[in-house]
Amino acid sequence: MVKPVGSLCNLDCTYCYYLHKQTLLRQPKQPQMADAMLEQHIRQYIEAQTGDEVVFSWQGGEPTILGVEFFRKVVLFQARHRKPGQRIENDLQTNGTLLDEEWATFLKEQRFLVGLSCDGPQALHDRHRVTRGGAPTHAKVVAAARLLRRHDIPFAVLCVVNRHNAKHPLDVYRFLSRELGTWRVQFIPGVEPKSFHDVAPQHWDPATLPIVGTPGARPGTPESVVTDWSVDPDDWGAFLCAIWDDWYAHDYGRVYVDLFETAVAQSLGLPAQRCVTAEFCGGALAVEHDGDVFACDHYVYPEYRLGNIAQTHLGTLAYSETQRAFGLAKRDALPADCRRCPHLRLCWGECPKTRFVRTRAGEPGLNYLCPGLKRFYTHIGRDMPTILARIRGASQVPPRSTQAPPFRRRQGG
């Protein structure tokens, strides 16, 4: 994932996990990837690919701050360095507030897939997603969705599920899928420990981590280890269960919910479609505006810096022993409770960045969301045999729900 403007953004979302990188990494006030660095990244990324498809993911901060001209250079450099027979794809994660007709024309012509951030109906969205001046943004996001639909630009909606909108699952889901008009919905649990501005993941003091199910492992309590806006584990499970029931009853085969589709795919023995539910991680490196490369965009901390593409080829960094160990640790560091769990092959401990809870036996490394995840996977178990039988009986060719997903990105914000 490329961060061409670093953490620079025109919004000030309460739960943003990236805005503080400006201070943490000592970024300039107006960071921007220089043309030479941009071309170097594109060339190295293409050189490191072995497949016929090369997918570039542009994130921030807010990448549209750079304007359309920056991305015209992106397309130019990609064409210059593309290998014979390669297909270049791009996706762009945006808050949508800066999109206009010029952007829409460009995105359509260049076949960009857009990820649009929205947290549901106005009151829920505007509670956390505001401008630097505190102004609401919902109306502009809705306008952006209409613009994308009018130009027939494929877009997915990314929803950060926080402590507040988690209590309104059907309001959120129906607004995103029926009013915004997308058939691709991605739910991201908003969770951060209170120390996330300064302390890198896996650098917590194990002795201070709360036991699962105790007040310290829930938001909104004095002893809580997480921020007040973090989603409650039980609410996360209830949120997913409620939406699953509505999706299965009305939208199965029509709306693509990433968490549901990957659960179906993994139940069929196919690879996970999201890094957080995969056995291993390490494939979602982050490239900052200055060429620094980090193990993951949720691990953009000095402790997880791999190097800089000006000194070391991106492919070398991606396949380094350091990054390999990082990816394998997702499986190898699982506590005993996870290894015994009947849902292990659907969950794999979820994202390591949220493994800051101890099991009831006191073993560290349990995912904060574990109670909710168990509730969700138990809940869908009643429907999964019917779904799998329907898929297997329909055709020997995997249906849309088990093919490569239209989401080309992982967790964002």
Might you point out which heavy atoms bring [X] and [Y] nearest each other, and give the distance in Å?
{"X": "Arg72", "Y": "Glu102", "value": "NH2-OE2, 3.9 Å"}
{"X": "Gly6", "Y": "Glu288", "value": "CA-OE1, 3.2 Å"}
{"X": "Cys9", "Y": "Leu19", "value": "CB-CD2, 4.0 Å"}
{"X": "Ile188", "Y": "Trp236", "value": "C-CH2, 4.4 Å"}
{"X": "Leu369", "Y": "Pro233", "value": "CA-CB, 4.3 Å"}
{"X": "Phe356", "Y": "Pro193", "value": "CE2-CD, 3.7 Å"}

Is the number of heavy atoms from other residues, nucleotides or ligands under 6.0 Å of [X] [atom1] greater than 12?
{"X": "Arg149", "atom1": "CZ", "value": "yes"}
{"X": "Tyr319", "atom1": "OH", "value": "no"}
{"X": "Asp52", "atom1": "CG", "value": "no"}
{"X": "Arg26", "atom1": "CZ", "value": "no"}

* Asked: Should Arg150 and Glu101 be marked as a salt bridge (charged side-chain N to carboxylate O under 4.0 Å, His left out) after you check the CA-CA gap, both sets of side-chain angles, and the distance that decides it?
  -> CA-CA 10 Å; Arg150 189 166 65 250; Glu101 289 292 334; 2.7 Å; yes
Please confirm whether the backbone N or O of [Y] pairs with a side-chain atom of [X], one donor and one acceptor, at under 3.5 Å?
{"X": "Thr262", "Y": "Gln273", "value": "yes"}
{"X": "His151", "Y": "Ile153", "value": "no"}
{"X": "Thr131", "Y": "Ala135", "value": "yes"}
{"X": "Asp119", "Y": "Val160", "value": "yes"}
{"X": "Thr312", "Y": "Ile309", "value": "no"}
{"X": "Gln22", "Y": "Leu8", "value": "no"}
{"X": "Asn165", "Y": "Asn162", "value": "yes"}
{"X": "Lys194", "Y": "Ser224", "value": "yes"}
{"X": "Lys3", "Y": "Gly60", "value": "yes"}
{"X": "Asn367", "Y": "Gly349", "value": "yes"}

Taking the inter-plane angle between the rings of [X] and [Y] on a 0 to 90° scale, is it parallel (under 30°), tilted (30 to 60°) or perpendicular (over 60°)?
{"X": "Phe239", "Y": "Phe187", "result": "perpendicular"}
{"X": "Tyr256", "Y": "Trp183", "result": "perpendicular"}
{"X": "Trp58", "Y": "Phe70", "result": "perpendicular"}
{"X": "Trp244", "Y": "Phe260", "result": "perpendicular"}
{"X": "Phe112", "Y": "Phe106", "result": "tilted"}

* Asked: Would Asp246 and Arg178 satisfy salt bridge (charged side-chain N to carboxylate O under 4.0 Å, His left out), going step by step from the backbone distance to the final call?
  -> CA-CA 12 Å; Asp246 194 66; Arg178 299 171 193 178; 2.9 Å; yes
Check: [X]/[Y] side-chain N/O donor and acceptor closer than 3.5 Å:
{"X": "Arg127", "Y": "His164", "result": "yes"}
{"X": "Glu350", "Y": "Tyr368", "result": "no"}
{"X": "Asp251", "Y": "Tyr173", "result": "yes"}
{"X": "Asn308", "Y": "Asp292", "result": "yes"}
{"X": "His20", "Y": "Asp198", "result": "no"}
{"X": "Glu62", "Y": "Thr94", "result": "yes"}

* **Derivation of the side chain to side chain donor-acceptor pair (under 3.5 Å) call for His197 and Thr23** => CA-CA 9 Å; His197 284 92; Thr23 300; over 6 Å; no
Flag the pair [X] and [Y] as a salt bridge only when some basic side-chain nitrogen lies within less than 4.0 angstrom of an acidic carboxylate oxygen.
{"X": "Arg305", "Y": "Glu303", "value": "no"}
{"X": "Lys83", "Y": "Glu47", "value": "no"}
{"X": "Arg174", "Y": "Glu179", "value": "no"}
{"X": "Arg111", "Y": "Asp152", "value": "no"}
{"X": "Arg375", "Y": "Asp234", "value": "no"}
{"X": "Glu192", "Y": "Lys353", "value": "yes"}

Spacing of [X] atom [atom1] and [Y] atom [atom2] [to the nearest 0.5 Å]:
{"X": "Gln59", "Y": "Asp297", "atom1": "CD", "atom2": "CG", "result": "5.5 Å"}
{"X": "Thr378", "Y": "Leu373", "atom1": "OG1", "atom2": "CG", "result": "10.5 Å"}
{"X": "Arg382", "Y": "Tyr248", "atom1": "CZ", "atom2": "OH", "result": "9.5 Å"}
{"X": "Ser57", "Y": "Leu92", "atom1": "OG", "atom2": "CG", "result": "9.5 Å"}
{"X": "Tyr15", "Y": "Asp228", "atom1": "OH", "atom2": "CG", "result": "16.0 Å"}
{"X": "Arg184", "Y": "Leu158", "atom1": "CZ", "atom2": "CG", "result": "14.0 Å"}

* Asked: Can you check side chain to side chain contact (heavy atoms under 4.5 Å, CB included) on Ile65 and Gln32, steps first, answer last?
  -> CA-CA 10 Å; Ile65 287 176; Gln32 178 174 336; over 6 Å; no
* Given salt bridge (charged side-chain N to carboxylate O under 4.0 Å, His left out), test Arg80 with Glu39 step by step and report yes or no. => CA-CA 9 Å; Arg80 179 179 298 172; Glu39 184 169 13; 2.9 Å; yes
* side chain to side chain donor-acceptor pair (under 3.5 Å) between Asn95 and Ser117, worked out -> CA-CA 5 Å; Asn95 59 44; Ser117 296; over 6 Å; no
* Only one of His128, His125, Arg129 clears side chain to side chain donor-acceptor pair (under 3.5 Å) with Thr137; which? -> His125
* To do: Let me see the working for Thr97 and Asn10 under side chain to side chain donor-acceptor pair (under 3.5 Å), right down to the final yes or no.
  => CA-CA 9 Å; Thr97 60; Asn10 60 326; 2.9 Å; yes
* To do: With the side chain counted from C-beta on, respond yes when Val130 and Thr14 share a heavy-atom pair under 4.5 Å apart, and no when they do not.
  =>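 No, every pair of side-chain atoms sits at 4.5 Å or beyond.
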* To do: Among residues two or more places apart or on two chains, list those pairs meeting salt bridge (Lys or Arg N to Asp or Glu O under 4.0 Å) that have a residue in residues 157-167.
  => Lys167-Asp235
* Run the side chain to side chain donor-acceptor pair (under 3.5 Å) check on Gln78 and Asn90 step by step: do they pass? -> CA-CA 10 Å; Gln78 289 172 343; Asn90 290 279; 2.8 Å; yes
